[in-house]
Amino acid sequence: MLASSPSSSSALSVAALLISCRSLRSLEQIHARIIRKGLEQHPVLATRFLSFCAAFSAPAYASSAFDRLSAPNLIVWNALLTAHARHSPLPTTVAVFNLLRRRSPVPPDAFTFPSLLSSCSHSVALLLGFSVHATILRCGLEADVFVRTALIDFYGKCRELGAARKLFDSMRHRNEVSWTAMIVGYLSSGDLASARSLFDEMPKRNVVTWNAMIDGYVKSGDLVSARQFFDKMPERNAVSYTSLIDGYAKAGDLASARVLFEQLPERDVFSWSAMISGYAQNGQPGAALKIFLEMYNQNIKPDEFVVVGLMSACSQLGSLTLAKWVDLYVTRSSIDLSKAHVLAALIDMNSKCGNMERAASLFESMPNKDLISYCSLMQGYSLHGAGDKAVGLFRQMLEEGLMPDSITFTVVLAACSRAGLVEEGRQYFDLMTNEHLIVPSPDHYACMVDLLGRAGRLTEAYELIRSMPVEPHAGAWGALLGACRLHGDISLGETIARKLFEIEPTNAGNYVLLSNIYAVADRWADVSELRTMMRGKGIRKVPGCTWI
DNA sequence: ATAGGGTTAG
């Protein structure tokens, strides 16, 4: 009897340990201590332990600890369900809920449903949510504020605004959370006006409400209103800053994002990742890397979003040395490499930086290879002189039954061009338009122009550019000018160059190309005339770009 | 002792 009723003071000391726990590893140590001290069956301690598993995103560990309990009560069951609802796929969560229904000593209560419903709304699982709602009615829990709010949130996120509003209007006691759930519902279906009028109508708002409005405006692209809300709110937290930083970053206004980031008193991992991926997505990989290093030096643990941003920056920089360091860093971190987007970014980085062996072996390790990873690998091969391998991968992809999209075709056409596979490229262009009904973009045309031009079929390339239903961009003309230089076609080169001087008058590369065409033909007078013209327009030669 | 908000790749 004495052995099975351990002193409450040791339970208390373990509970105190839990509060200071900072990693999954120390959580495991605490679990070992709980078992050693014979406190395993302590229901309060078990509940707290499970909620810490949830905090460390370890639902499987929560389950394994839970499975050792001989007679879990409903509260412990609820804690387990919450751990899964936040971190497991919906089917797993539903399985836990079904077990709970069968095995819990008492029927589900008002604490059971909010987490289950939030899992449903996260997956926009409308039908499942309906049946959960039916269960709630059977249990007589629809009037509970938490349950009702979770229902409003669920219907709102599933864009069933009518159902959500009915539940909202018939509520006896609403709190800020219920109002916010309704507002978020309107926001997620893009009804900013209704959201705004509810916001104005509600008696008391909290930080979450303000943040929801900011996020809604950011997502709808109205950064001015988002900023007004941000400036007006009585108190801000990291989320308020990060939503707006993210908005500025996605709109390409890194300067404004940076100012807010510098003002943010307590940066969390979200704000760091907003800046890092913001810079990476706007073609400023150097700046992304600098922010990452700042974060790294502050010993902040990166999450998957940070490393995806970092790897994307590294891909753009193309440095093999850096890629090797980042690869090692990411592999050694606790980040789950099997997550699709992490793996895709890792493959892409190695591929773009020329570590094809590593890229290929990562690719081979994927159980379900997706379009994006195929594209990454194809681009790597294409970039590093193995266009034929890239095209081979594309064939393999088709055989696997994957449906290539617009970007895939851009990649494969570029690969064909590099490998000199003119006929195959043409076939793929036809396949794209005739079978996949993809309307060719300026990029696709630019690839085709490059393909034909490199093969010396300049007239055909020129005809293609002129027959384009969309406006060709500088890339297409540039490819053709490059081809003219390659094949020494002066007269076409002059025509194209004149066109390019109009479209991008300050790009020195175009002047250099034309000058090279003249030089090869010994037309030095034209070369010097061109230089004078450049000087007259104040155009500077880009360093590292040769004249001849 | 348990319950509501944020980002990700070619």
Side-chain angles (χ1 to χ4, degrees), chain A residues 15 18 42-51 54 73-83 85-86 109-118 121 144-154 157 175-181 183-184 187-188 206-216 218-219 237-247 249-250 268-278 280-281 303-309 311-312 315 339-349 351-352 370-380 404-408 410-411:
Chain A
L18 269 176
H42 194 301
V44 177
L45 195 55
T47 305
R48 187 168 289 183
F49 183 77
L50 293 185
S51 74
N73 64 21
L74 178 60
I75 298 175
V76 187
W77 270 108
N78 285 343
L80 177 71
L81 183 67
T82 303
R86 287 227 288 260
D109 66 4
F111 282 80
T112 311
F113 293 100
S115 55
L116 180 60
L117 280 170
S118 86
S121 38
D144 179 87
V145 187
F146 279 87
V147 174
R148 172 82 60 129
T149 302
L151 279 169
I152 292 168
D153 177 70
F154 163 73
K157 292 214 173 106
N175 58 23
E176 298 104 279
V177 184
S178 341
W179 283 88
T180 305
I183 288 175
V184 167
L187 291 174
S188 49
N206 63 20
V207 179
V208 180
T209 323
W210 284 94
N211 288 349
M213 290 304 292
I214 292 174
D215 187 58
V218 164
K219 292 227 167 84
N237 62 14
V239 178
S240 339
Y241 280 87
T242 306
S243 293
L244 202 51
I245 289 174
D246 218 42
K250 296 235 164 77
D268 60 9
V269 72
F270 291 111
S271 41
W272 287 97
S273 92
M275 283 312 293
I276 293 169
S277 45
Q281 280 163 20
D303 66 359
E304 50 187 294
F305 301 101
V306 169
V307 300
V308 166
M311 291 190 286
S312 153
S315 303
K339 284 205 176 176
H341 53 275
V342 179
L343 190 54
L346 191 57
I347 292 174
D348 188 55
M349 176 183 73
S351 186
K352 294 249 175 77
D370 59 4
L371 262 196
I372 288 155
S373 304
Y374 263 107
C375 282
S376 295
L377 207 57
M378 281 163 57
Q379 266 190 317
D405 65 0
S406 174
I407 294 170
T408 318
T410 311
V411 174

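Every chain is numbered from 1, with letters handed out A, B, ... down the list of sequences.
- Here Asn237(A) pairs with Val207(A), Asn211(A), Val239(A), Ser240(A) under the side chain to side chain contact (heavy atoms under 4.5 Å, CB included) rule; sequence neighbours left out.
- Across dG10(B), dA9(B), dT2(B), the shortest atom-to-atom separation from the side chain of Ser376(A) is found for dG10(B).
- Set against dA9(B), dG5(B), dT2(B), the side chain of Thr47(A) has dT2(B) as its closest nucleotide.
- Evaluation of the side chain to side chain donor-acceptor pair (under 3.5 Å) rule for Ser115(A) yields no partner, not counting sequence neighbours.
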Q) Given the rule in the side chain to side chain contact (heavy atoms under 4.5 Å, CB included) test, do Val218(A) and Leu244(A) qualify, once you have shown the distances and angles that lead to the verdict? A) CA-CA 7 Å; Val218(A) 164; Leu244(A) 202 51; 4.2 Å; yes
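- Among the atoms of the strands shown, none is found under 4.0 Å from any heavy atom of Asp215(A).
- Each of dG5(B), dG10(B), dA1(B) was ranked by its minimum atom distance to the side chain of Val44(A); first place goes to dA1(B).
- If you measure from atom CG of Leu244(A) to atom C1' of dG5(B), you get 16 Å, rounded to the nearest angstrom.
- Under a 3.5 Å cut-off, the side chain of Asp109(A) and the backbone N or O of Thr112(A) do form a donor-acceptor pair.
- Within the 4.0 angstrom heavy-atom criterion, base atoms lie near Leu371(A).
- When rounded to the nearest whole Å, the span between CG of Asn73(A) and P of dT2(B) equals 13 Å.
- Looking at the side chain of Val207(A), the nearest of the listed nucleotides dG5(B), dA3(B), dT2(B) is dG5(B).
- Side-chain atoms of Gln281(A) lie closest to dA9(B) of the nucleotides dA9(B), dG5(B), dA3(B).
- Using a 4.0 Å heavy-atom cutoff across all strands shown, Ser51(A) reaches no nucleic acid atom at all.
- Residue-level contact check: Thr408(A) touches the bases, meaning some heavy atom is under 4.0 Å from a base atom.
- For the pair Ile75(A) CD1 and dT2(B) P, the interatomic distance rounds to 9 Å; values are reported in whole Å.
- Summarising the geometry, the separation between CG on Asp144(A) and C1' on dG4(B) is reported as 12 Å, rounded to the nearest angstrom.
- If you check every strand for non-hydrogen atoms under 4.0 Å, Asn175(A) touches nothing.
- Thr149(A) contributes no side-chain N or O that forms a donor-acceptor pair with the base of dG4(B) under 3.5 Å.
- In this structure, Leu343(A) atom CG and dA9(B) atom P are separated by 15 Å, rounded to whole Å.
- Nucleic acid contact for Asp109(A): none, since no nucleic acid atom lies under 4.0 Å from a heavy atom of the residue.
- For Asp153(A) against dG5(B), a side-chain-to-base donor-acceptor contact under 3.5 Å is absent.
- Rounded to whole angstrom, the span from the CZ atom of Phe146(A) across to the C1' atom of dT2(B) amounts to 10 Å.
- Looking at the side chain of Arg48(A), the nearest of the listed nucleotides dA3(B), dA1(B), dG5(B) is dA1(B).
- At a threshold of 4.0 angstrom between heavy atoms, the contacts of Val208(A) include nucleobase atoms, whether or not backbone atoms are also involved.
- The interatomic distance linking Met378(A) (CE) with dG10(B) (C1') rounds to 10 Å, in whole Å.
- For Val239(A), the listed nucleotide lying nearest its side chain is dG5(B); candidates were dA3(B), dG5(B), dG4(B).
- Defined by atom type and a distance below 3.5 Å, a donor-acceptor pair is present between the side-chain atoms of Asp370(A) and Ser373(A).
- Using a 3.5 Å distance cut-off with no hydrogens or angles, the side chains of Asp348(A) and Ser351(A) do not pair a donor with an acceptor.
- As rounded to whole Å, 9 Å separates atom C1' of dT2(B) from atom CG of Leu74(A).
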